[in-house]
2 protein chains.
Amino acid sequence: MTRTATLEDVAQKAHVSKMTVSRVINHPELVAPELQVVVEDAMRKLNYHPNNAARALAKNQTSVVKFVILEDIDHMDPYYTNILFGMATELKKKNYSLQLLLKGSQIEQGPADGFVITGTRVDDYPMLNALKEPFILFGENRGGYDFVDTDNLGGETMATEYALKQGYRNLVFIGLDVKEAFEFSREAGYVNAMQQNKKIPSVNRVKNSTTAARAFMQEHLSEYPKNTCFICGSDRIATGVIQALVEEEKDIPGDYGVIGFDGILLDKVSSPKITTVKQDLWKIGETLAQLILRKINQNGAPQGEMFIKPTLSKAESTK
Amino acid sequence: MTRTATLEDVAQKAHVSKMTVSRVINHPELVAPELQVVVEDAMRKLNYHPNNAARALAKNQTSVVKFVILEDIDHMDPYYTNILFGMATELKKKNYSLQLLLKGSQIEQGPADGFVITGTRVDDYPMLNALKEPFILFGENRGGYDFVDTDNLGGETMATEYALKQGYRNLVFIGLDVKEAFEFSREAGYVNAMQQNKKIPSVNRVKNSTTAARAFMQEHLSEYPKNTCFICGSDRIATGVIQALVEEEKDIPGDYGVIGFDGILLDKVSSPKITTVKQDLWKIGETLAQLILRKINQNGAPQGEMFIKPTLSKAESTK
DNA sequence: CTGTTAGCGCTTTCAA
DNA sequence: TTGAAAGCGCTAACAG
């Protein structure tokens with residue numbers, strides 16, 4: 001076993017002190033350029049990699065970020081893999097690693113340099129306020145906390161305008177019946193675009209499940225004339241809407257169009273495949289990581305809000 | 001800021017040396033029972049938590065396990081959240097944290113005490129053999145590597161026998177057209193159960209997509225008489241099969257039954273909802289963590305194979 | 001701009 | 001069975 005190279009080794013090879021090597025890594029601006037070159041060369045030759053535990057110990061850090069899901073576990077299935085990998089990839093660059101926590105577990109069990117938290121509701125605000133470490137939320141909120149989220153408003157605006165452009169005359173919004181910021185933003189995106197185009201908005205809300213959406217459609221389909229496009233608050237809802245339409249043997253996308261929101265998986269297994277507002281989960285993860293890292297670095301300084309642009313993924317459920 | 005308690009603090013409070021405290025934590029059997037009590041009491045009173053970085057440094061460890069996905073990224077969406085959280089929860093107990101890696105990234109970028117790897121194919125074996133650190137695979141393999149997986153064979157046997165019990169006379173298997181151990185096991189589960197019951201097996205394979213499964217059904221449905229149950233290698237395939245059946249206005253579950261495999265999400269958004277063999281992903285994650293931790297602890301000693309029992313989730317697609 | 005000294009909190013010797 | 005000393009690899013604080 002060849003012991004892995006240490007600062008000391010590099011220092012010797014470069015004929016400088018450990019500190020100079022350390023500085024080249026952490027504060028290169030304090031080191032003479034010529035020395036930098038020599039030191040970097042030595043590091044390369046020795047295949048030097050800093051020992052993270054030692055650094056963490058010396059700096060009194062943990063090199064750990066905790067990712068916390070406050071929602072119920074069965075909601076979480078498909079959603080987080082990409083976010084997690086996006087985050088992890090970014091964290092890795094600073095040699096950070098992840099711990100994953102669920103609702104039940106005490107957030108404060110064991111230390112971390114920072115938190116990324118998702119699924120927070122207003123009830124959780126007291127707990128957030130009590131948190132000593134810096135944190136970033138995934139998900140729009142009106143509590144003034146730093147967050148990253150999909151541009152829900154912009155995304156739904158885009159969807160609405162696309163439906164219009166494709167020639168649908170009636171646009172009906174079917175959203176989620178939750179009182180959450182992301183849902184309000186999606187509704188606003190739809191409503192704004194409608195008003196912009198001098199159309200009368202029709203906002204409906206159902207439980208976020210295919211079954212609920214299907215039931216809603218079974219009850220109301222007769223009210224919607226041909227050439228209607230349903231702008232849905234999620235792909236689950238869109239899936240239910242499509243099922244109801246198919247049952248009634250309606251012509252999709254000819255007479256009826258459907259647009260979903262999410263683009264995680266459901267859009268691709270539906271038949272017809274769903275046109276949807278696709279979230280860039282990986283990017284969201286990366287951004288989450290960048291913000292929390294920066295916040296840690298800046299001693300908890302506010303990082304503001306960050307909206308990640310979704311894309312419209314066009315498929316078979318619209319003209 | 002009240003500095004967090006250290007070994008030293010505990011030692012003073014308990015009137016012993018640091019070493020005794022350290023021993024109480026790591027090798028309690030070497031400490032007099034009476035002292036143990038005193039020390040543990042002091043730890044509690046001071047709310048002592050070991051500093052992981054310090055420990056890692058002293059023991060020359062990293063406290064990091066890497067989770068590596070070798071598959072293409074778009075397959076991965078829904079699958080891993082539960083495994084990851086199951087793992088993380090178990091790792092946390094030993095103060096371990098996670099780093100997440102994807103195919104492209106060099107596995108060996110930066111150190112870890114061990115690896116959990118998924119999506120390995122035969123091509124990857126050389127890389128596995130070159131790995132210095134201990135690893136556990138998620139996914140059956142015939143390469144002799146330690147692994148954890150769902151009991152694919154048992155699961156499909158269970159599905160097949162259930163279909164029989166429900167009175168379906170013809171059982172048709174529609175699996176994935178991949179040459180992977182998990183698929184062979186699922187097929188074997190079906191075939192064994194059929195032979196056991198003196199039935200002639202019919203094994204078919206399609207690409208793992210709803211579209212492919214639907215196309216297959218469109219072509220072959222006429223060959224299958226009423227009272228047939230389709231035993232599918234995945235929920236994606238089951239979804240496609242159901243779509244084709246619905247299109248042809250067949251009676252599900254009366255004339256035709258469908259059973260899937262996975263139970264991740266698709267089974268619940270389908271209409272009718274899919275009876276499926278549900279994997280216990282959380283448990284798989286926990287087990288993965290336990291094995292890699294033990295393997296690390298035992299200096300790489302083989303841990304063997306571990307099959308996690310799935311459950312049959314009964315829904316609307318079968319009698 | 002560079003080096004020296006000290007110490008982060010823990011565990012591994014070794015001695016008692 | 002317990003303790004004292006040394007050191008894991010790094011960085012902060014100071015001095016030069």
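In this text the structure is predicted, and so the values were computed from the model without any measurement.
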### Phosphate-side-chain proximity, B/Arg55 and C/dT11, N/O vs OP1/OP2 below 4.0 Å
yes

### Task
Figure out the CD/C1' separation between B/Glu8 and D/dA4, and round it to whole Å.
12 Å

#### Entry: Selected nucleotide, minimal atom distance to B/Met19 side chain, candidates C/dT11, C/dG9, C/dT2
C/dT11

### Message
Let's see if you can work this out: which of D/dT1, D/dC10, C/dC1 has an atom nearest to the side-chain heavy atoms of A/Ala32?
### Response
C/dC1

### Task
Among the candidates C/dT11, D/dG3, C/dG9, find the nucleotide nearest to the side-chain atoms of B/Leu7.
C/dT11

### Message
Rounded to the nearest 0.5 Å, what separates atom CG in B/Asn95 from atom CD in B/Gln61?
### Response
11.0 Å

### Query
Between atom NZ in A/Lys18 and atom P in D/dA13, what is the gap in whole Å?
17 Å

### Task
Would you indicate whether the side-chain heavy atoms of A/Arg55 and A/Ile25 approach each other to under 4.5 Å?
yes

### Task
Measure from CG on A/Asn51 to C1' on D/dT11 and round the result to the nearest Å.
13 Å

### Taking every non-hydrogen atom, the tightest pair across A/Val122 and A/Pro126
O-CD, 3.8 Å

### Task
Name the residue closer to the 5' end of DNA chain D, choosing between B/His15 and B/Ala58 according to the nucleotide with the nearest heavy atom.
B/His15

### Query
Do A/Gln290 and A/Gln303 meet the criterion of a side-chain donor-acceptor pair at a distance under 3.5 Å?
no

### Task
Please report the shortest heavy-atom distance between A/Lys103 and A/Glu71, naming the atom on each side.
CD-O, 4.0 Å

### Query
Whole-Å distance between C/dC8 P and B/Lys59 NZ?
21 Å

### Query
What nucleic acid atoms does B/Asn60 come within less than 4.0 Å of, heavy atoms only: base, sugar-phosphate, or nothing?
nothing

### Query
Any sub-3.5 Å donor-acceptor pair from B/Asp146's side-chain atoms to B/Pro302's backbone N or O?
no

### Task
Check DNA chain D against residues 20-31 of chain A and give the residues with a non-hydrogen atom under 4.0 Å, in numerical order.
A/Ser22, A/Arg23, A/Asn26

### Message
Is there a side-chain contact between B/Thr6 and the phosphate of C/dG9, meaning an N or O under 4.0 Å from OP1 or OP2?
### Response
no

#### Entry: ring pair (Phe, Tyr, Trp, His ring centres under 6.0 Å) evaluation trace for B/Tyr145 with B/Phe135
CA-CA 9 Å; B/Tyr145 303 109; B/Phe135 62 89; 5.8 Å; yes

### Message
What is the distance, to the nearest angstrom, from the CG atom on A/Leu57 to the P atom on C/dA6?
### Response
18 Å

### Query
Are A/Leu128 and A/Leu137 close enough that some pair of their side-chain heavy atoms sits under 4.5 Å apart?
yes

### Message
What is the distance, to the nearest angstrom, from the CD atom on A/Gln12 to the P atom on C/dG3?
### Response
13 Å

### Query
Is it true that B/Lys13 and B/Asp9 make a salt bridge, defined as a side-chain N closer than 4.0 Å to a carboxylate O?
no

#### Entry: Close residues, residues 42-50 of chain B, relative to DNA chain D [heavy-atom separation under 4.0 Å]
none

